[in-house]
Trainee: 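Here's a structure for you.
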2 protein chains.
Amino acid sequence: MATGRTHRPATRSRGIPEATVARLPLYLRALTALSERSVPTVSSEELAAAAGVNSAKLRKDFSYLGSYGTRGVGYDVEYLVYQISRELGLTQDWPVVIVGIGNLGAALANYGGFASRGFRVAALIDADPAMAGKPVAGIAVQHTDELEQIIADNGVSIGVIATPAGAAQQVCDRLVAAGVTSILNFAPTVLTVPDGVDVRKVDLSIELQILAFHEQRKAGEDAAHDGGRTAPAVRAATVAADRKGPDGDVPAVMPA
Amino acid sequence: MATGRTHRPATRSRGIPEATVARLPLYLRALTALSERSVPTVSSEELAAAAGVNSAKLRKDFSYLGSYGTRGVGYDVEYLVYQISRELGLTQDWPVVIVGIGNLGAALANYGGFASRGFRVAALIDADPAMAGKPVAGIAVQHTDELEQIIADNGVSIGVIATPAGAAQQVCDRLVAAGVTSILNFAPTVLTVPDGVDVRKVDLSIELQILAFHEQRKAGEDAAHDGGRTAPAVRAATVAADRKGPDGDVPAVMPA
DNA sequence: ATGTCTTTGTGAACGCGTGCACAAAGATGG
DNA sequence: CCATCTTTGTGCACGCGTTCACAAAGACAT
């Protein structure tokens with residue numbers, strides 16, 4: 001029973017499967033590159049290769065958006081860029097606040113890919129009074145006290161949390177209370193939010209641990225290629241510089 | 001056919017499902033917190049709440065590792081911490097190199113969660129000669145020329161790429177050639193690697209776009225509560241500052 | 001206009017992951 | 001030693017996502 005906050009399965013969103021939504025930005029990026037090279041059309045095979053996915057998967061993904069291709073030819077690059085942009089809601093401007101301007105927060109503020117596609121850093125917020133007024137990435141940092149006002153004034157619905165773990169839930173609560181309904185969390189904590197609020201997590205530590213698991217497995221398998229017990233310690237302590245384990249590249253699944 | 005590099009489905013790793021592996025770090029974090037509070041045992045229900053997952057899922061996850069619980073009581077915290085650590089390969093030390101010491105790379109270098117669990121920053125590498133020798137997070141930055149030597153000398157098998165998109169593939173190739181078999185990629189590019197090399201991607205831009213999609217959908221649904229076709233362009237230009245769409249929190253899926 | 005060739009769009013099969021619901025296991029109290 | 005109560009471990013069913021394989025659709029040449 002506890003607090004009663006449990007996760008829900010990831011509701012399919014208006015007909016478009018969640019997995020497809022997660023790939024649309026990938027397609028969009030590849031298409032944008034093609035667009036900049038003035039490539040007029042592209043086949044599912046080519047685009048799939050550029051996006052690093054299966055061509056059948058790509059076609060099925062696009063089929064959820066509608067029939068935007070021409071058989072025997074492929075997809076019109078410009079048209080598809082527009083359609084996906086519209087589907088992702090990138091035709092409008094999304095003001096974003098970043099809370100917690102430490103090393104990471106500052107790095108995010110400076111990240112160019114932000115403004116590139118419909119996102120605009122509306123404000124940088126930090127709890128340290130000493131930070132207030134200091135410009136980071138050309139924007140003056142504001143104090144946490146003004147959080148609610150900033151959200152309201154700018155109509156912010158997307159918040160980025162880059163605070164220490166201890167402060168994350170508290171910041172999250174305030175963001176949500178102020179009207180934010182989508183949160184990107186960089187703090188290593190499980191955030192609890194009411195229904196209707198989306199949380200996505202980015203966690204360096206978890207990613208590394210998953211890599212370590214596979215890394216260990218590769219080493220273990222190679223070491224276990226002898227019949228049973230020919231002291232394998234050999235390479236164990238030395239460099240594990242073997243390559244080509246029997247494993248492809250692995251998707252990174254991150255529950256919020 | 002193209003280059004022939006296509007993605008593979010994410011092979012189940014030695015019996016333990018990939019989805020389970022991705023959750024183990026989550027459990028481990030929750031367990032570590034309990035351990036620090038000297039909590040001796042914990043039930044699947046409690047631990048699941050702390051990790052933000054379903055208790056049945058948690059029990060099934062643990063069942064892949066073995067029967068480490070006691071019926072009627074729960075799980076021994078310390079014992080479970082050890083077992084999961086061992087399973088993830090965190091009982092050994094993983095030297096890691098970070099390539100690309102810009103804003104993000106520096107932030108990663110300073111990230112405390114790094115050293116906390118088995119990971120050690122062996123070197124910071126940057127292509128800018130002006131950076132060479134400069135200390136970041138207490139470590140002197142080294143030039144890209146020394147990449148291969150560093151990898152070899154330290155037995156590095158995990159590399160973090162925090163370079164601009166344009167340099168990522170090239171850096172990746174060098175890392176792999178030098179013996180790295182696991183890569184955490186922060187650059188917004190699709191990396192192509194040989195079989196046996198794991199790539200996990202962290203992409204701020206993609207995460208934001210996924211959030212934007214759901215955000216738009218929430219707004220659209222609220223606005224679409226009229227019958228059928230009352231010119232919807234209305235809200236498009238204005239700020240979408242409504243809250244509480246009928247949607248729970250959404251998992252973040254990130255194919256490499 | 002007709003045939004050929006390319007590429008899309010999708011029906012169907014399969015496999016993985018999730019959640020339910022319950023039997024088995026052990027603790028605990030009398 | 002037996003009864004009861006708690007909590008684990010798991011068999012089972014269901015749904016989502018992926019992949020295959022092919023028919024339909026259109027371009028293009030003749």
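Reminder, nothing fancy here: chain letters follow the sequence lines and each chain counts from 1. We use all heavy atoms of the structure for the numbers below, so side chains are in, but hydrogens, waters and symmetry mates are not. Since the structure is predicted, the reported quantities are computational estimates derived from the model, not experimental observations.
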Trainee: Between the base of C:dT7 and the side chain of A:Arg71, is one N or O donor paired with an acceptor at under 3.5 angstrom?
Mentor: no

Trainee: Starting from P on C:dT8, measure out to CG on A:Leu80 and report it in whole angstrom.
Mentor: 11 Å

Trainee: Looking at every non-hydrogen atom in both residues, tell me the closest pair between B:Gln169 and B:Val190 and how far apart they are.
Mentor: OE1-O, 3.9 Å

Trainee: Taking atom C1' of C:dG9 as reference, at what distance in whole Å does atom CG of A:Leu65 sit?
Mentor: 13 Å

Trainee: Of the nucleotides D:dC20, D:dG9, C:dA27, which has the atom closest to the B:Val73 side chain?
Mentor: C:dA27

Trainee: Rounded at 0.5 Å granularity, tell me how far CZ in A:Arg217 sits from CD in B:Glu87.
Mentor: 11.0 Å

Trainee: So, OP1 or OP2 of D:dT19: does either fall under 4.0 Å of a side-chain N or O from A:Lys57?
Mentor: yes

Trainee: Give the nucleotide from the list D:dG9, C:dT18, C:dA12 with an atom nearest to the side chain of A:Lys60.
Mentor: C:dA12

Trainee: Would you indicate, yes or no, if C:dT7 has its OP1 or OP2 atom less than 4.0 angstrom from a side-chain nitrogen or oxygen of A:Ser43?
Mentor: no

Trainee: Between P on D:dA25 and OH on A:Tyr75, what's the gap in Å once rounded to a whole number?
Mentor: 16 Å

Trainee: Taking atom C1' of C:dT8 as reference, at what distance in whole Å does atom CD of A:Glu45 sit?
Mentor: 12 Å

Trainee: Within this structure, what is the CG-to-P distance between B:Asn54 and C:dA21, rounded to whole angstrom?
Mentor: 12 Å

Trainee: How is B:Tyr64 classified with respect to the nucleic acid when contacts are heavy atoms under 4.0 Å: base, sugar-phosphate, or nothing?
Mentor: nothing

Trainee: Is A:Arg23 near enough to D:dT18 that one of its side-chain N or O atoms lies under 4.0 angstrom from OP1 or OP2?
Mentor: yes

Trainee: Starting from P on D:dT6, measure out to CZ on B:Arg59 and report it in whole angstrom.
Mentor: 15 Å

Trainee: I'd like to know if A:Asp203 and B:Arg29 make a salt bridge, using a cut-off of under 4.0 Å between side-chain N and carboxylate O.
Mentor: yes

Trainee: Round to a whole Å and report the spacing from CD of A:Glu18 to C1' of C:dT18.
Mentor: 16 Å

Trainee: What is the separation between atom CG on B:Leu47 and atom P on D:dT6, rounded to the nearest whole Å?
Mentor: 20 Å

Trainee: Run the numbers on B:Tyr68 and B:Tyr79 for ring pair (Phe, Tyr, Trp, His ring centres under 6.0 Å), then give the verdict.
Mentor: CA-CA 8 Å; B:Tyr68 294 150; B:Tyr79 186 58; 5.4 Å; yes

Trainee: Is A:Thr70 near enough to D:dG26 that one of its side-chain N or O atoms lies under 4.0 angstrom from OP1 or OP2?
Mentor: no

Trainee: Applying a 4.0 Å non-hydrogen cut-off, can you work out what B:Phe62 is touching in the nucleic acid: base, sugar-phosphate, or nothing?
Mentor: nothing

Trainee: State which residue, out of A:Leu26, A:Val39, A:Leu47, fulfils the side-chain contact (heavy atoms from CB on, under 4.5 Å) condition with A:Leu31.
Mentor: A:Leu47

